[in-house]
Amino acid sequence: MENLTAILITALAAFVAGFVLRMIYAKLSAKSAEQDSKRIIKDAEIMAESKKKEALLEAKLIVDKERKEFEQEIKEKKQSAQNTENRLNQREENLDRKLDSADKKEKDLANKEKDIANKEQNLKTKFDEVEKIKEEQRKTLERVSGMTREDAKKTLVKEMEQEARQDAAVLAQRIEQETRENADKKSKEILSVAIQRIAADHTADITTSTVQIPNDEIKGRVIGREGRNIRAFEQATGVDLIVDDTPEAITVSAFDGVRREIAKVALERLIADGRIHPARIEEVVAKVQREMDEKIKEAGEQAAIDAGVPGLHPEIIKLLGKLKYRTSYGQNQLQHTLEVTWLAGAIAGELGLDVMFCKKAALLHDIGKAVDHEVEGTHHQISADIAKKYGESQKMINAIISHHEGYETPNSAEAFVIAAADAISAARPGARRESVEHYLKRLEKLEKVAKSFRGVSMAYAIQAGREVRILVEPEDVDDKQAQVLARDIAKKVEQELEYPGQIKITVIRETRAQDIAK
């Protein structure tokens with residue numbers, strides 16, 4: 001019991017002691033918190049004071065800055081106002097000076113008006129005196145010359161008109177010369193540009209084709225018994241077979257290029273096949289003819305595509321294809337036609353003309369050569385007839401038929417373009433060639449035409465027939481007549497001869513004086 005009491009007393013004492021300690025700790029904690037709060041408040045007050053000072057300082061700086069800017073603006077405005085005031089003062093002074101000057105000028109003008117009025121009065125008086133003198137002189141001149149005033153005026157006008165006509169003639173001649181020089185220069189530029197844009201190849205064909213054979217024994221088989229094979233072949237193809245001593249070769253001769261090509265291909269196939277007799281010849285020739293028709297059509301279609309001329313009639317396409325196997329002066333006719341088409345298009349483009357019209361006219365200009373062996377007439381007329389047959393315009397027909405001089409006068413600028421393009425293609429060096437026989441005959445005709453004129457002593461065709469030198473008798477032909485003679489010979493050459501390009505006519509008149517020293 002005593003132990004229990006002691007325990008309770010001890011526990012109570014411990015509880016009291018703990019309570020007291022708790023109270024003491026709580027009081028100490030409250031005091032420490034109060035001190036911390038006071039310290040925080042004090043720090044906050046110090047910081048607030050610092051912020052306040054900073055804000056005041058910043059506000060002061062801003063106020064100072066704005067005040068300075070305001071003062072500067074006020075200063076600038078004052079300066080601008082001062083400048084404006086100075087300008088106004090200057091203008092006012094200038095106006096005052098101008099007013100003074102105007103007043104002075106007004107006074108001067110008034111004085112001058114008075115002087116002018118006086119002078120006018122004096123001039124009027126003098127004019128009246130001059131008129132009287134002129135009238136007296138006119139009467140004196142009429143009396144001396146025996147001409148009235150109207151007659152003198154007419155004479156003077158006539159003389160002035162004659163002088164004006166002479167001046168106009170000289171001016172017109174000079175303008176014509178300048179125009180001709182400028183036109184020559186411009187035309188050369190246009191033609192050079194067009195020619196440079198066209199770079200066509202030239203292939204020279206002849207009227208014979210050579211077929212190579214493996215050995216000369218084939219020649220006997222081609223001829224056949226008593227010549228029946230060669231006769232059947234020539235009858236079926238319309239060509240001439242030349243079987244001579246030329247080793248390992250047979251010559252096919254025909255002026256028609258299509259027939260010659262058919263004969264060449266057929267003969268090559270017969271030789272390769274080995275079976276050569278009349279029936280086989282007719283069979284092979286007929287097959288080759290059908291193939292050739294297809295080739296001609298393909299060649300014509302390709303030519304139309306190359307020329308850039310769509311929508312042509314199928315018969316015209318066929319005739320174009322035939323030109324592939326036609327030559328003129330050794331120049332392939334289809335190649336020549338395409339070159340003329342390209343040249344005409346290029347020239348028309350440079351001149352601002354109808355390019356498509358020129359291309360089509362150029363493509364048809366020599367189409368008559370495809371059938372000129374079958375139809376009578378010149379190739380220009382045949383070409384024009386074909387164009388007319390297939391519904392081409394009169395302008396197109398004129399351009400086709402007038403591409404050579406002496407047949408019809410060109411009536412459009414495009415027609416002149418076709419003629420120029422055709423001449424360029426034909427006259428280009430290396431484009432054409434002719435046989436020696438035809439060449440010699442042309443030279444002989446040239447010299448014969450030149451010698452047919454009175455006063456011509458000698459005539460020589462030189463430079464491959466592109467120039468004729470003519471010597472005349474100085475007693476029969478003077479210097480002026482020499483120029484007329486050259487023109488007359490040139491016209492006759494144009495009318496009577498056919499030739500590629502141009503021919504220069506040169507007339508030489510030489511006078512020689514000689515004596516003998518004894």
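Treat the numbers as computed from the prediction; the structure is a model and nothing was measured.
- Contact annotation: the side chain of T506 never approaches that of V468 to less than 4.5 Å [non-hydrogen atoms, C-beta and beyond].
- Side-chain contact check for L319 versus I296: every heavy-atom pair is 4.5 Å or farther apart.
- Donor-acceptor pairing under 3.5 Å is recorded for the side chains of N83 and Q79.
- With hydrogens and angles disregarded, a donor-acceptor distance shorter than 3.5 Å links the side chain of Q481 to the backbone of D478.
- Interatomic distance, CD1 of I62 versus CG of L57, reported as 10.0 Å (0.5 Å rounding).
- Other residues, nucleotides and ligands place no more than 12 heavy atoms under 6.0 Å from the CD atom of E58.
- Salt-bridge annotation for K492 and E494: absent, with no side-chain N of the basic residue lying under 4.0 Å from a carboxylate O of the acidic one.
- The minimum heavy-atom distance between I400 and A384, with the atom names listed, is CG2-N, 3.8 Å.
- Side-chain N/O atoms of N89 and E93 include no donor and acceptor closer than 3.5 Å.
- In terms of heavy-atom proximity, P310 sits nearest to G308 at CD-O, 3.5 Å.
- For the pair K77 and E73, the salt-bridge criterion is met [side-chain N within less than 4.0 Å of a carboxylate O].
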Next item on the list: Could you check L353 against I347 for side chain to side chain contact (heavy atoms under 4.5 Å, CB included), going step by step and ending with a plain yes or no?
Entry: CA-CA 8 Å; L353 302 177; I347 295 172; over 6 Å; no

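- Side-chain contact between D366 and D422: present, with at least one pair of heavy atoms (C-beta onward) separated by less than 4.5 Å.
- For the pair D64 and K60, the salt-bridge criterion is not met [side-chain N within less than 4.0 Å of a carboxylate O].
- Atom CD in Q394 sits 10.5 Å away from atom OG in S412 (nearest 0.5 Å).
- K369 pairs in a side-chain contact (heavy atoms from CB on, under 4.5 Å) with only one of the listed residues (K322, H336, Q333), which is Q333.
- The CG atom of N111 lies 11.0 Å from the CD1 atom of I116; values are rounded to the nearest 0.5 Å.
- A donor-acceptor contact shorter than 3.5 Å links the side chain of T341 to the backbone of T337.
- Here CD of E294 is found 10.0 Å from CD of E291. Values are rounded to the nearest 0.5 Å.
- More than 12 heavy atoms of other shown residues, nucleotides or ligands fall within 6.0 angstrom of atom CD in Q72.
- In this structure, the separation between CD1 on I386 and CD1 on I316 is 8.0 Å, given to the nearest 0.5 Å.
- By the 4.5 Å heavy-atom criterion applied to side chains, Y390 and L312 are not counted as neighbours.
- Side chain of D354 to main chain of F357: a donor-acceptor pair is present (N/O by atom type, distance under 3.5 Å, no hydrogens or angles).
- Q381 and I401 make their closest contact through OE1-CD1, 3.1 Å (heavy atoms, listed as atom of the first residue, atom of the second, distance).
- Within a 6.0 Å radius of NZ in K388, other residues, nucleotides and ligands contribute 12 heavy atoms or fewer.
- Ionic pairing of E71 and R67 is present here: one or more N-O contacts between side-chain nitrogen and carboxylate oxygen are shorter than 4.0 angstrom.
- The backbone N or O of N411 lies less than 3.5 Å from a partner atom in the side chain of N398, making a donor-acceptor pair.
- Shortest non-hydrogen contact noted between K359 and G345 is CG-CA, 4.1 Å.
- For the pair L363/L338, a side-chain contact is recorded, criterion being any heavy-atom separation below 4.5 Å from C-beta on.
- Residues C358 and I418 are in side-chain contact: their nearest non-hydrogen atoms beyond the backbone lie under 4.5 Å apart.
- To the nearest 0.5 angstrom, I74 atom CD1 is 7.0 Å from K78 atom NZ.
- Between the side chains of N86 and Q90, no donor N or O sits under 3.5 Å from an acceptor N or O.
- Not one N or O on the side chain of S101 forms a donor-acceptor pair closer than 3.5 Å with the backbone of R97.
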Margin query: Pair I470, I508 - check side chain to side chain contact (heavy atoms under 4.5 Å, CB included), show working.
Written below: CA-CA 6 Å; I470 301 164; I508 301 173; over 6 Å; no

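- The existence of a salt bridge linking E261 and K295 is excluded, since no basic side-chain nitrogen approaches an acidic carboxylate oxygen closer than 4.0 Å.
- Counting heavy atoms of neighbouring residues, nucleotides and ligands inside a 6.0 Å radius, atom CD of Q483 does not exceed 12 of them.
- For the pair S80 (side chain) and E76 (backbone), a donor-acceptor distance under 3.5 Å is absent.
- The heavy-atom pair separating G300 from L320 by the smallest distance is CA-CB, 4.1 Å.
- Counting only distance, with no hydrogens or angles, the side chain of R509 and the backbone of V477 share a donor-acceptor pair below 3.5 Å.
- Between L334 and A299, the shortest heavy-atom contact is CD2-O, 4.5 Å.
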